[in-house]
Amino acid sequence: MNYQLELQRAAEAALPVLGTGRVADYIPALAEVDPASFGLALATVDGAVYGAGDWEQPFSVQSISKLFTLALALATGGESVWHRVGREPSGTPFNSLVQLESENGIPRNPFLNSGAIVVTDRLLTLTGDAGRTVRDFLRAESGNPLLDTDPAVAASEAAHGHRNAALAHFIASYGNLENPVEDVLSNYYAHCALTASCRDLALSGLFLARHGLLADGSRLLSRSDAKRINAVLLTCGTYDAAGEFAYRVGLPGKSGVGGGILTIVPGRGALCAWGPALDRAGNSVGAVAALDAFTTATGWSIF
Ligand code: GLN
């Protein structure tokens, strides 16, 4: 297959919809991004990378970081995190509070804000610094030593983070946080506000395509845990649009309100698409269109 040509075609397929949707503005620092930006990168399991459009331009990774916090919490602390967070789709928006009360402070899944707050708390206990742990992982896997948290975005999230603070306090009221709410939230914002490109994220996601093996050949996760993370990504990674995403793209994926979507093609590679304008579920309109075009043309799907 001519990867470069297929990426180019998929990027062109996204062009007509790049004006559709809205850039996230509930975090004011994110609203400054050009909605017409678009990038697409493919990293194959042998570590080769191909790209189209703005594939080397850094953007705010936001909830894509939740994939890495979960992997690192499982790799460091084993299965115990699953006592504190579920593995079911929620059918609710990513920042919803409604299920937490009837479900006793146990978030439905690790990719909702509530679930990611719990996983961040676990990773903070295990490592002493969840934000830095995720950053160092992305630096190592992408080979980009400059990859870092954007302090202006983290500060903007904190200043407008009433919902996340409410979620964290509510979870704490059920005894499901080990660290002070303020520490958990600052670590959560630190990994959400990491800035990385499609290239960086595709390379960083490859461990899931390699069934748990890192770029240096060492093992982060068991084959079984890598498979399980992919399963939760498929069912929960794009929130209440996970069904539509599976229908159109057919791959495990994680979106973020910065407009990125990282998808895994087990055994083959990782694809990251980026377009800042979002649909109502908080997923990038352009990224979904490009991934849809790519997997439809290539037949790359888990189905
Ligand atoms: N940092 C964002 C928030 O907490 C992440 C949301 C997202 O990307 N879906 O609201």
Side-chain angles (χ1 to χ4, degrees), residues 21-33 58-70 85 89-97 100 107-121 123 130-131 134-135 138 149-171 177 181-196 198 201 205 232-233 236-242 244-245 253-263 272-288:
R22 290 191 53 197
V23 175
D25 55 7
Y26 74 100
I27 301 168
L30 293 184
E32 294 158 18
V33 183
F59 60 89
S60 191
V61 309
Q62 292 298 315
S63 287
I64 297 175
S65 63
K66 296 171 182 173
L67 178 170
F68 300 104
T69 51
L70 177 64
V85 62
S90 67
T92 60
F94 62 83
N95 55 6
S96 174
L97 288 115
L100 270 182
R108 271 283 173 100
N109 69 65
F111 299 139
L112 295 163
N113 287 12
S114 53
I117 285 168
V118 169
V119 177
T120 300
D121 176 56
L123 192 59
V134 177
R135 184 199 70 183
L138 293 184
T149 295
D150 181 336
V153 174
S156 187
E157 293 209 49
H160 298 85
H162 300 299
R163 270 189 104 87
N164 288 325
L167 287 166
H169 280 288
F170 203 64
I171 293 165
L177 284 189
V181 163
E182 295 67 31
D183 297 348
V184 177
L185 287 175
S186 66
N187 277 266
Y188 172 81
Y189 297 137
H191 66 68
C192 286
L194 282 162
T195 293
C198 290
L201 288 169
V232 184
L233 283 170
C236 309
T238 43
Y239 311 112
D240 41 339
E244 180 70 8
F245 190 76
K254 185 73 212 78
S255 61
V257 292
I261 304 183
L262 174 59
T263 58
C272 184
W274 171 58
L278 310 176
D279 63 20
R280 285 172 59 189
N283 300 316
S284 165
V285 177
V288 173

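Only a predicted model underlies this, so the values are computations on that prediction, with no experimental measurement involved. FYI, the numbering just counts along the sequence from 1. Counting starts at 1 for both ligands and their atoms, following the listed order. Reckoned from all heavy atoms, side chains included, excluding hydrogens, waters and symmetry mates.
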Would you please say whether a donor-acceptor pair under 3.5 Å links the side chains of Thr69 and Lys66? no

Could you see which bit of Asn164 sits under 4.0 Å from ligand 1, with heavy atoms only: side chain, backbone, both or neither? side chain

Any nitrogen or oxygen of Glu157, side chain or backbone, less than 3.5 Å from one on ligand 1? yes

When every non-hydrogen atom of Leu185 is compared with those of Asn164, the smallest separation belongs to CD2-O, 3.8 Å

What are the atoms of ligand 1, with element, lying closer than 4.0 Å to any heavy atom of Asn113? 3 (C), 4 (O), 6 (C), 10 (O)

May I ask you to check whether Gly256 has an N/O atom sitting below 3.5 Å from an N/O atom of ligand 1? no

Of all the heavy-atom pairs spanning Pro89 and Asn109, show the shortest one and how long it is. CA-ND2, 4.1 Å

Considering only protein heavy atoms, which is closest to atom 5 (C) of ligand 1, and at what distance to one decimal place? Ser63 OG, 3.2 Å

Going by the atom numbers of ligand 1, which of them fall below 4.0 Å from some non-hydrogen atom of Cys192? 1 (N)

Judged by heavy atoms only, the candidate from Tyr189, Tyr26, Phe111 nearest atom 10 (O) of ligand 1 is Tyr26

Please work out which of the three classes, parallel, tilted or perpendicular, describes the rings of Trp274 and Phe59, given edges at 30° and 60°. parallel

Check whether Lys254 reaches the backbone of Gly237 with its side chain - one donor and one acceptor, N or O, closer than 3.5 Å. yes

Nearest-contact summary for atom 2 (C) of ligand 1 - protein heavy atom, Å: Gln62 OE1, 3.0 Å

Pair Tyr188-Asp121, side chain to side chain donor-acceptor pair (under 3.5 Å): steps then yes or no: CA-CA 8 Å; Tyr188 172 81; Asp121 176 56; over 6 Å; no

